[in-house]
Amino acid sequence: MPAKTASSVPPWQSYQALYIHVPFCKTRCRYCDFASEAMEAGGPAAQVHMDTYVDDLVLQLRRAAKAGELAQLSTVYIGGGTPSYLGGRRLTELLYTLSLTLDLARIEELTLEANPDSLTPALVRDSFALGVDRYSLGVQSFNDRELAALGRPHDATQARAAIRLIGERPARLSIDLMCGIPEQNMTSWQASLAEATAPELEVSHISVYPLELHPATPLGRAAAAGEVALPDEDMVADMLAYAADYLSRQGFRHYEIASYAKPGQESRHNSAYWTGRPYLGLGRGAWSMRQRGLAAEVGAGTGGRTLLRERWCDGKLQESVVGAEAVAREDAMLGLRMAQGISVAAQPEPIRQVMSQQIARGLVVEEDGRYRLSRRGLFMANEVFASLL
Amino acid sequence: MQNIPVDHIRNFSIIAHIDHGKSTLADRILELTGTIAERDMQSQVLDNMEIERERGITIKSQTVAIRYQSRPDGPGQGDAYLFNLIDTPGHVDFSYEVSRALEACEGAILVVDAAQGVQAQTIANTYLADAAGLTIIPFLNKVDLPGADVARAKHEIEEGLAIPAADALEGSAKTGLGVPELLERIISEVPAPAGDPKAPLKALVFDSYFDAYRGVIALVRVVEGTLKSGDGVTFMAAGLRAQAEEIGLRVPAHQPCEQLEAGEVGYLICSIKDPKAVQVGDTVTQSAHPAEAPLAGYQAVKPMVYTGLFPVESDQYEPLRSALDKLTLNDPSLVYTPESSYALGFGFRVGFLGLLHMEVVKERLEREYQLDLIATAPSVEYRVYTTAGERLELHSPQDLPDPASIERIEEPCLKLKIITPPDYIGAIMELCQQHRASYENIVYLSPTSAEMHWRMPLAELILNFYDGLKSGSRGFATMDYELDGYQESKLVKLDILIGGKAVDALSLIVPAEQAQGKGGALASKLKAIIPRQLFDVPIQAAVGGRVLARQTVKARRKDVLAKCYGGDISRKRKLLEKQKAGKKRMKQIGNVELPQEAFLAVLQTD
C-alpha cells in the first residue's frame, strides 16, 4: 500500500503493467542462472508445491484488486520460469482469477510465456478462452543439436507444432531465438531465422539475443573447461548483424535492441519497462516499480520523478529508492534501448554531455531532436549504458 | 642470567636451506629450555611476521637469550648456561645480514632435511659459517619421515661440505627427538666466547629494529671490551655519537642490565630516531676510549633489484609514501625515490636486496597498508659510460640516455651455484645458456647430487630464472648466488608503443640480440591481455624508433546485454556497474584502456 503523503508530494502513479512470475521449469537448461526451480524430479511434492504457489498468487491478486492496484493496468505478462509448465488446471485457476480481479476489456495485451514441450492443445484453447491474446514461445533455435547443447527440454519438431497450435487462434505470437550457442554456425543461424519468418507460421514478433555465459552454470563451467566450442565474439556480432538485416527485409522493425516486430506487433508490456511506466510484480522475487512526480514525457528523462523498486524475497521486503537524477539516467539507459530513442530536449545537461561524447565515439546519433543508438551502438550498447551510470 | 660467567655462554645460530626446519628447531629449543611456555608458543615464535610465517621464511632475525640448566651427567655438569640463539634471515637476498649475524657467534647448528639432503643454501650458509670460523654441529632433521635417507644425507654433508658426519645427531625438530642431546652438544662443542673485557670496546651490530617509542634498537655482540649503560658510544662506520641509554638481554622480552662484557650478546638503545643511521655490520665503540679500528667486514647496504611501485589510484600516492616510510623503520635496506611515469602517474622507484625481498615488501604494502599497487618490471643497476666520458649509474629504463650518446653499458653479474640431481643437468644447461650464463664447472657431491657453477648477468636472474629452474628440474634444483662485479654487454632499450604512444612503464633494457625475440613475445602477450576496445589498438615493440614487432587488438564489435525487462533492471545495472568498475581499474593511455596485468606481462616474458 502506498503510504499517505503530504499534499505537496505528488501521489504514487497507478500501476500500468502487471507481471506474474512463475518460477518453475520442467528441467533446468544448461545455460540458465535464473532462480527457477526444476520440478520434474520433484515427484508429488512438486505438484503440491506448485498448487500452493498458485493459490498464493490468487490470494495476492485478490488483495491487489481490493487495494485498487489493478484498476489502471493496460498489460499483463505471465512469465517465468515456464508458466505453461503449470499445466491447464493451475493456469486456468490463475487466469480465471485474473478475469475476476481486473477488467479484461481494458487490457491491451495479456501474454503467456510457454515452452514448446508443455504447450498442449487444451492449454492453448483454455488460456485463449480466458483472455490470453499473446504467446511468447521459448523456441531458441530450430536446430536439434543446438537445442540439445543448451539442454532445452524440447526439439525443433515440438517447436513447429507449438507454433502451428497457437496459429489456430487469432492470438499474437512472439518467439525467442538465441545466437552464439554451442554447435551453431552462420548457416544454421540463417536457417533458424528463415524458419522463424516462414509466412505460414505467422510469427509477428521475434526476440533475438546472444547467449550469456554465466560461470556458475553447467554450460559456463563446460565452456571454461574448454569442453564446448562456442562461436567467437566476432561471429556472434556477425550473427546479430545478419539478423538485423534479414529481419528488416522480412518486414520486421528492430524496435528495441533485442526485439523485432511486424508493424503494430511490438510488445506493449515490455515497452512499459523501457519507457518508465510503473509496474506491479507478483510472485516470488518479482520486482515492482512505483513512481511519483510530474513527467511531461514519462520515461524521457524529465526531472522531478522519484522511483521506488521493491520486491518480496524470502519473506523480506527489498526496496531501492532511485532519486531524480538517477531516474533521469536510468530513463535514458532504458529509453535508448528502443529505436525511438530519447528526446534531446527532455535531457538534463549532464546526460547531454554524455551523449555528445557517445556521438563522438560513433555510438549515438542525434536526429530530429532525439538521441538514438547508432547501428554500431546497438551492438556496443553496454559502452553507452555504462557511460550513463 | 647476568651472573652466568662468560665461559658458560654459548653464542650460536641455526643455519639451513629453506624448509629444512630451522624455525621449528628454534621453537623446540625455546620450549625445552622453558624460555617460552608451551601455551605461549604460536608455532614458530621466531618467524613473527605474518608473511614470514606463511612463506616459512624468516626475514627479520629475532635473537633470544636462553637459560639452559645442563644435565648433571653431561659436559655442563648441571651448571646453568646462557645460550644466545642468534637467528638469521633465511634467504639468499639477505646473505650479508646472515654473515654479520654469524660473526656474532662461535657455533652454528646446521640443519639438513634427511629426505632432501644438502641443498644450495645449505652450502652457501655453511660457507658463510666457515668464513666466520664457526664450529658447525650437523643436525639431520625429519629422520622420522618416510622419505628420510640418513646415509645419503650424511654422505652429502661429508662430500659437499667437508664436515665429518659419522656421529651427526639425528632427530626431528617437530617432535623434539634428538633436541635434548643437541643442547648438550652445544655445551661440549661450541667454544665459549673469547675476548678481553678490559680492551677498548668493539661491539658488532648484527641486527636492528625500530620501536616507535625508543627509536632504533640495535642487537650487538660485544667482541672486545665492555659496553656499559650510560656510556657515550660511537657507531664507527656511520660516524654517529650517542649515549647508551639502555642495554640488556632479550629473554625474549627486554631485561635491562648494567653492562655487557666481551662475549656477551644483547640489545642497545640510544634514542636514535633515524633507522638508517644504524647499519648492520657497524662497530660500536666507547667514545671516551675508542677502538683503533672497527671490526672488519662492514658493507653499506646496496640494493640489487629495483622496481617502480605505483598506486592504482592516484590518490594513494601519499599513503604509499607513508607506508614505505613506516616499512623502512624496520627494514633500513629498503631505499626509494619518487618516480613519475607518463603511464602510471606518480610512484616510487624502490630498491631491494633481492627478488624475495621485493615480493615481500610489495605484499606487505598491499596487505598491511591496503594499497593496490602496480609494479613495473624489475631492473638492476646499470653503469652507462657516455661518449662525453661520464659514468652514469641508473636503474630505470626511462633514465637511459639517447643511444647515440652511449659509449658502452655494463651490467652486474653473479656467481651462480646450482645443486641438482644429475638427471636435470641437461635442462639446466639449456636454461642457463638461454639466460646468457657462462659455464664454469661442475662438481658431483654424490651420485644423486651435482653442483654446477655459472657466471650470469643479474638481470637474467630477475626475469623468471628461478621459475625456469624449478620447472626444468621438477622442483629439485636449488640455487644460490653472490654478486661478482660488472661486465660490458650490448644492451638496448626496448620500447612498447600502444596505440602509437610509447608506454614508459613497459620499457625494458634487454640484450641487443634478444630485442627481436623479447619484443615479439611481449607484443603477443600484450595482445592477449589487452581487452578489445571500441577501435583497433596497435601494439608495437621498438628499439630506437625501429619497430621490431607489431600486433593489433581488433576493435570490439559486440558488447550488449541481451534482454532487459522489468525484473532485470537492477541486475543489469549491477552488471554494468561491475563492468565500469573493472574499467576504472585500468590505466588510460591515450584512448586505450590498459589493464594492470599488462604491466606484469613484462615480468613473465622470456
Side-chain angles (χ1 to χ4, degrees), chain A residues 17 19 21 34 77 79 176 178-180 207-212 233-241 256-259 267 269-270 272-274 279-281 285-289 309 311 318 320 322 330 333-334 337 361-363 373 376-389, chain B residues 312-313 498-501 524-539 551-598:
Chain A
Y19 177 77
H21 189 57
F34 283 93
Y77 194 104
D176 286 356
M178 217 190 265
C179 61
S207 293
V208 171
Y209 57 101
L211 170 70
E212 267 177 43
E233 196 179 300
D234 288 339
M235 175 54 75
V236 176
D238 287 340
M239 289 175 172
L240 289 173
E256 188 264 347
I257 286 178
S259 311
S267 164
H269 181 85
N270 288 339
Y273 297 135
W274 302 319
Y279 49 87
L280 172 66
W287 284 98
S288 298
M289 189 272 270
R309 263 201 218 95
R311 68 166 173 175
Q318 286 183 4
S320 69
V322 188
E330 209 173 279
M333 228 187 286
L334 290 166
R337 292 191 69 92
R361 298 169 87 200
L363 300 180
L373 293 179
R376 177 119 201 264
L378 279 170
F379 300 123
M380 296 291 294
N382 283 356
E383 285 278 338
V384 181
F385 299 156
S387 72
L388 282 164
L389 280 176
Chain B
V312 171
E313 306 290 347
I498 290 178
K501 283 202 160 83
S524 306
K525 183 115 193 174
L526 286 168
K527 184 187 176 181
I529 290 172
I530 297 173
R532 297 172 67 179
Q533 326 220 340
L534 257 183
F535 36 79
D536 283 359
V537 178
I539 304 164
Q551 293 281 353
T552 305
V553 179
K554 299 297 277 178
R556 188 158 192 205
R557 295 176 48 212
K558 186 210 78 155
D559 181 13
V560 59
L561 291 173
K563 293 172 161 184
C564 179
Y565 304 135
D568 294 334
I569 292 168
S570 311
R571 184 178 150 119
K572 300 284 187 212
R573 212 189 148 99
K574 269 187 202 132
L575 275 174
L576 286 168
E577 268 160 9
K578 215 169 135 189
Q579 192 172 341
K580 193 169 181 178
K583 282 192 176 185
K584 227 179 133 188
R585 282 177 54 87
M586 293 202 207
K587 285 288 170 183
Q588 191 88 25
I589 309 290
N591 284 331
V592 182
E593 281 154 347
L594 213 53
Q596 291 173 41
E597 299 84 75

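Proteins get letters first, then strands, A, B, ... in listed order; numbering begins at 1 in each. A quick note: this is a predicted structure, and the numbers were derived from the prediction, not measured.
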Need one label for [X]: side chain, backbone, both or neither, based on atoms under 4.5 Å from any heavy atom in chain B.
X      : value
A:M333 : side chain
A:L363 : side chain
A:I257 : side chain
A:M289 : neither
A:R311 : neither
A:D176 : side chain

From [X] atom [atom1] to [Y] atom [atom2], the distance as rounded to the nearest 0.5 Å:
X      : Y      : atom1 : atom2 : answer
B:Q533 : A:R361 : CD    : CZ    : 9.5 Å
B:K580 : A:E383 : NZ    : CD    : 11.0 Å
A:S320 : B:R573 : OG    : CZ    : 8.5 Å
A:L240 : B:K558 : CG    : NZ    : 7.0 Å

Quick one: does any side-chain atom of B:R556 pair with a main-chain N or O of A:M380 as donor and acceptor, under 3.5 Å? no
Are A:V236 and B:R557 side-chain neighbours, meaning at least one heavy-atom pair lies under 4.5 Å? no
Could you check which of B:L576, B:N591, B:L575 has the highest count of heavy-atom pairs closer than 4.5 Å to chain A? B:L576
Heavy-atom pairs under 4.5 Å with chain A are the metric here; pick the option from B:K572, B:K554, B:E577 that has the most.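 Top count of heavy-atom pairs under 4.5 Å with chain A: B:E577.
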